[in-house]
*Asks:* 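Sharing a structure with you now.
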Amino acid sequence: MLAIIGGTGFGEFAGLQEIETKQVETEYGSVYLEEGKLGASPVLFLPRHGNPPRFPPHKINYRANIDGLLAAGAEKVIAVTAVGTVDESLGVPELVIPDQLIDYTYGRVQTFFDNEIHHIDFTFPYDATLRQQLIEAAKRCKTQNANIVYRSKGVYGCTQGPRLETAAEIRRMRTDGCDIVGMTAMPEGMLARERDLPYAGISVTVNAGAGINDLAVKIDEIQAAMDEGMSWVRDILTSF
Ligand code: HPA
């Protein structure tokens, strides 16, 4: 079954039908999730910040979330994230289906393998097949809605948060090769890989990264971009 992890701006999945809520117990804690139908297909939905939203990015129980999804029957995961731009040529809102990431987080629980030596391959952090299917869904949706803007690759820089970045940090991230900045792709994607669970992401740019416009990030202007971008994501997931 397909599982969708929703983030900021995507804490509820409008369009999901026949929703059954579940509390799944795992070795790492309990997880709230929903099982419903998207068209004819059964889908799991997990709002990573909780329902109601209360877990900041550094306090999300990522291990419980991944194991909870597996216990509920997830076979693949699409992770939705709101992000800032790092590449100044990206617009707001714009969708990015990242193909790479750089992890700037610290102090988060990073692995299921705390007490044994186990190294996973993470050369390509996002699942190639799922990414391709997402790109094709985005292409189909764009034929219906020409406003949709998406990029079929990009480097996601994952910061620790919860504060936004300084202008110098965004400049450094650009030099490192990042295109977008968010706070939740790690360790989420890596834990999915440790469990052999195919994982891909779709990100919505909701603000220009710090300093890009020589201005402070305007938190209150983020909402409109988020609403529009997340409605595109909903269409793409439905098409997927
Ligand atoms: N930085 C980090 N995470 C984010 C941002 C940002 O500018 N916007 C949305 N999530």
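Below, each value reflects all heavy atoms present in this structure, side chains not excepted, and no hydrogens, waters or symmetry copies. Order of listing sets the numbers, starting from 1, for every ligand and every atom in it. Keep in mind it's a predicted model, so treat the numbers as computed, not measured.
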*Asks:* Would you say that more than 12 heavy atoms from the other residues, nucleotides or ligands in this model lie under 6.0 Å from the CD of Glu88, or not?
*Replies:*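 Result for CD/Glu88: enclosed.
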*Asks:* Would you mind finding which of Pro57, Gly161, Gly84 brings a heavy atom closest to atom 5 (C) of ligand 1?
*Replies:*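 That would be Gly84.
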*Asks:* Just checking Tyr28 against Phe112, ring centres under 6.0 Å apart?
*Replies:*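 Centroid separation for Tyr28 and Phe112: below 6.0 Å.
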*Asks:* Within a distance under 4.0 Å of any heavy atom of Met183, pick out the atoms of ligand 1 and give their elements.
*Replies:*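 So the answer, numbered in order with elements, is 2 (C), 3 (N).
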*Asks:* side-chain contact (heavy atoms from CB on, under 4.5 Å) with Pro57: which of Glu188, Met183, Met186, Arg48?
*Replies:*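 One option only clears the test, and that one is Met183.
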*Asks:* Which part of Val83 is near ligand 1, with near meaning a heavy atom under 4.0 Å away: side chain, backbone, both or neither?
*Replies:*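 Under 4.0 Å from ligand 1, Val83 contributes backbone atoms alone.
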*Asks:* Considering heavy atoms of the protein only, find what lies nearest to atom 4 (C) of ligand 1 and give residue, atom and distance to 0.1 Å.
*Replies:*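 The closest heavy atom on the protein side is Val181 O, 3.6 Å.
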*Asks:* Short list, please: which atoms of ligand 1 are under 4.0 Å from a heavy atom of Ala82?
*Replies:*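 Per the distance check, 9 (C), 10 (N).
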*Asks:* So, regarding Asn207 and ligand 1 (criterion: nitrogen or oxygen to nitrogen or oxygen, under 3.5 Å), is there a contact or not?
*Replies:*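 So ligand 1 has an N or O lying under 3.5 Å from an N or O of Asn207.
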*Asks:* Can you tell if the side chain of Ser203 reaches within under 4.5 Å of the side chain of Tyr156, non-hydrogen atoms only?
*Replies:*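 A side-chain contact exists here, since the closest heavy-atom pair is under 4.5 Å.
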*Asks:* Are the side chain of Arg234 and the backbone of Phe13 linked by a donor-acceptor contact shorter than 3.5 Å?
*Replies:*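 Between the backbone of Phe13 and the side chain of Arg234 there is no qualifying donor-acceptor contact (under 3.5 Å).
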*Asks:* Provide the number and element of each atom of ligand 1 under 4.0 Å from a heavy atom of Glu165.
*Replies:*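 Reading through ligand 1 atom by atom, the close ones are 1 (N), 2 (C), 6 (C), 7 (O).
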*Asks:* Counting only heavy atoms not in Asp114 (residues, nucleotides, ligands), do more than 12 fall under 6.0 Å from its CG?
*Replies:*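 More than 12 within 6.0 Å, yes.
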